[in-house]
Amino acid sequence: MPEAPEVETVRLTLDPLIRGKALGTPWWSFLPLRNRVPDEASFRFLVGRPIRGTSRHGKVLFVHSETGGLVVRLGMSGRCLVQAQDAPLAPHTHLRWPLAPGETELRYVDPRRFGDVRPFVDEEDRATVIAPLGPDPTTLDQPAVAQAVSLALRRTRRSLKAALLDQALIAGLGNIYVCEALFIARLSPFRAAKGLTAPEATRLLAACHQVIQDGIARRGTTLNDYVDAEGRQGDNQHHLFVFAREGDPCHTCGTAVRRKTQANRSTYYCARCQRAR
DNA sequence: CCACTCCTGCGT
DNA sequence: ACGCAGGAGTGG
């Protein structure tokens, strides 16, 4: 579900609802998340401490306490919600943190359990989460960042699609926004990254920046069940060029959008606007 | 580079 | 019943 624009929208809506509130004792479902639900003791140092704010890198959301905080990865189907403590529980609610003062709580809901919530103890710990990740796509408007990514991109033997999905190269793009960026840059998803010219790479990274910024401005893409921290849907699904539009006419040339399986995932593209060479 | 895995739910 | 789903990791 969530790529950088969805996670950023969750963060923007979550922040004012939790900032300054104290985390209560967590309740959890005991079902394993991606890395097992941590034992209660690992969360205990956060209990009673106020939340200072939130941050994000790529698809990873951080909730900051006085020292340390929470690392939240939404996986495919994770939701981070703030709701009244007496509001009905959605199926697959795995974590609940009462927030004081007030009657609300922070809830983590994740049917597929590909996501993860765990504590980080200090900035050094948090840095280990970010270290393996490339720059956030919102920073691609800085020439030095774009230049560094461009060089790395043109060094890999993989397809453009696979390269852009690699969080070590750029952190935050997923299947939707990669397909969209490649369409905007008029580049084939199947082309080898290595074969890109410098101007093509520049064009592509500008497109990546654009789709992410537009996605944030439109509060994310709700195809099935993505919602922000207040339960509101996004808007960007009405502005997609190719993703989930198999058989529909390309907005540029009218050719039917195609879907092909690439590395076990769907790639949507316009075969006319995005020539392989 | 691909295939396959973790899970549940939904549309055909 | 089957294929597919916005992620990420592993192993061949």
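Computation of the quantities below employed the complete heavy-atom set of this structure, encompassing side-chain atoms and omitting hydrogens, waters and symmetry-equivalent molecules. Chain naming here is simple, since letters A, B, ... match the order of the sequence lines and numbering starts at 1 in each.
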Donor-acceptor pairs under 3.5 Å, side chain of residues 202-213 of chain A to any protein atom, not counting sequence neighbours: which ones?
unit_1 : atom_1 : unit_2 : atom_2 : d
A:T202 : OG1    : A:A198 : O      : 2.9
A:R203 : NE     : A:A185 : O      : 2.9
A:R203 : NH2    : A:A185 : O      : 2.7
A:H209 : NE2    : A:T138 : O      : 3.4
A:H209 : NE2    : A:Q213 : NE2    : 3.3

Pairs of donor and acceptor atoms involving the side chains of residues 139-152 of chain A, under 3.5 Å and at least two apart or interchain, shall be tabulated with distances.
unit_1 : atom_1 : unit_2 : atom_2 : d
A:T139 : OG1    : A:D136 : O      : 2.7
A:S150 : OG     : A:R154 : NE     : 3.2
A:S150 : OG     : A:R154 : NH2    : 3.1

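Listed by chain and residue number, nothing satisfies the ring-ring contact (aromatic ring centres under 6.0 Å, His included) test with A:H57 (two or more places apart in sequence, or in another chain). By the ring-ring contact (aromatic ring centres under 6.0 Å, His included) test, A:Y268 pairs with A:F243, sequence neighbours left out. Scanning for side chain to side chain donor-acceptor pair (under 3.5 Å) contacts around A:R157 gives an empty result, with sequence neighbours left out.
Both A:H92 and A:T156 lie close to DNA chain B; mapped to their nearest nucleotides by heavy-atom distance, the more 5′-ward contact belongs to A:T156. Place A:P91 and A:A263 on DNA chain B by their nearest nucleotides, and A:A263 ends up nearer the 5' end.
Note on residues 82-91 of chain A: pairs passing side chain to side chain donor-acceptor pair (under 3.5 Å), not counting sequence neighbours, are A:Q83-A:R107. Counting only residues at least two apart or on different chains, the ring-ring contact (aromatic ring centres under 6.0 Å, His included) pairs with a member in residues 152-185 of chain A are A:F183-A:F241.
Nucleotides C:dG3 and B:dC4, compared at atom C1', are 16 Å apart to the nearest Å. Distance noted for atom P between B:dT5 and C:dC2: 15 Å (whole Å).
Counting only distance, with no hydrogens or angles, the side chain of A:R19 and the backbone of A:R52 share a donor-acceptor pair below 3.5 Å. With A:E230 contributing its side chain and A:L14 its backbone, the two residues share no donor-acceptor pair below 3.5 Å. The main-chain N or O of A:R112 is found under 3.5 Å from a side-chain atom of A:S77 such that the two form a donor-acceptor pair. For the pair A:Q274 (side chain) and A:L187 (backbone), a donor-acceptor distance under 3.5 Å is present. Not a single donor-acceptor pair under 3.5 Å links the side chain of A:D15 to the backbone N or O of A:R11.
With a 4.5 Å cut-off on side-chain heavy atoms, A:R265 and A:L165 count as touching. Using a 4.5 Å heavy-atom cutoff, the side chains of A:K161 and A:V178 are in contact.
Tested against A:R219, the residues A:T13, A:D235, A:D228, A:T9 include a single side-chain hydrogen bond (donor to acceptor under 3.5 Å, both in side chains) partner, A:D228.
No donor-acceptor contact under 3.5 angstrom links the side chains of A:N224 and A:Y226, judged on distance only.
Put simply, CD on A:E8 is 17 Å from C1' on C:dG6, counting in whole angstrom units. A straight line from CD of A:E3 to P of C:dG6 spans 8 Å, rounded to a whole angstrom. The CZ-P distance, from A:F114 to C:dA5, rounds to 13 Å in whole Å. Whole-Å rounding puts the A:F243 CZ to C:dC4 P distance at 13 Å. A:L240 places its CG atom 11 Å from the C1' atom of C:dG6, with the value rounded to the nearest Å. In this entry the distance linking CG of A:L223 with P of C:dG6 reads 8 Å, nearest Å. In this structure, the CE atom of A:M76 is 14 Å from the P atom of C:dG9, given to the nearest Å.
The residue A:N224 sits close to a base: some heavy atom pair falls under 4.0 Å. No contact: A:Y177 has no heavy atom under 4.0 Å from any strand.
Within residues 206-218 of chain A, no residue places a heavy atom under 4.0 Å from DNA chain C. Taking every heavy atom of residues 158-170 of chain A and every atom of DNA chain B, pairs under 4.0 Å involve A:R158, A:S159, by number.
In the interface, the side chain of A:R73 is not paired with the base of C:dA8 through any donor and acceptor atom under 3.5 Å apart.
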Distances under 3.5 Å between protein N/O atoms and the N/O atoms of nucleotides 10-12 of chain C, please, pair by pair.
none

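Stems are defined here as 3 or more consecutive Watson-Crick or G-U wobble pairs with pairing distances under 3.5 Å; those involving DNA chain B are B:1-6 with C:7-12, B:8-12 with C:1-5.
The two atoms that bring A:F62 and A:V60 nearest to each other are CZ-CG1, 3.7 Å, heavy atoms only.
Heavy-atom contacts of chain A under 4.0 Å fall on DNA chain B between two terminal nucleotides, which in 5' to 3' order are B:dC1 to B:dG9.
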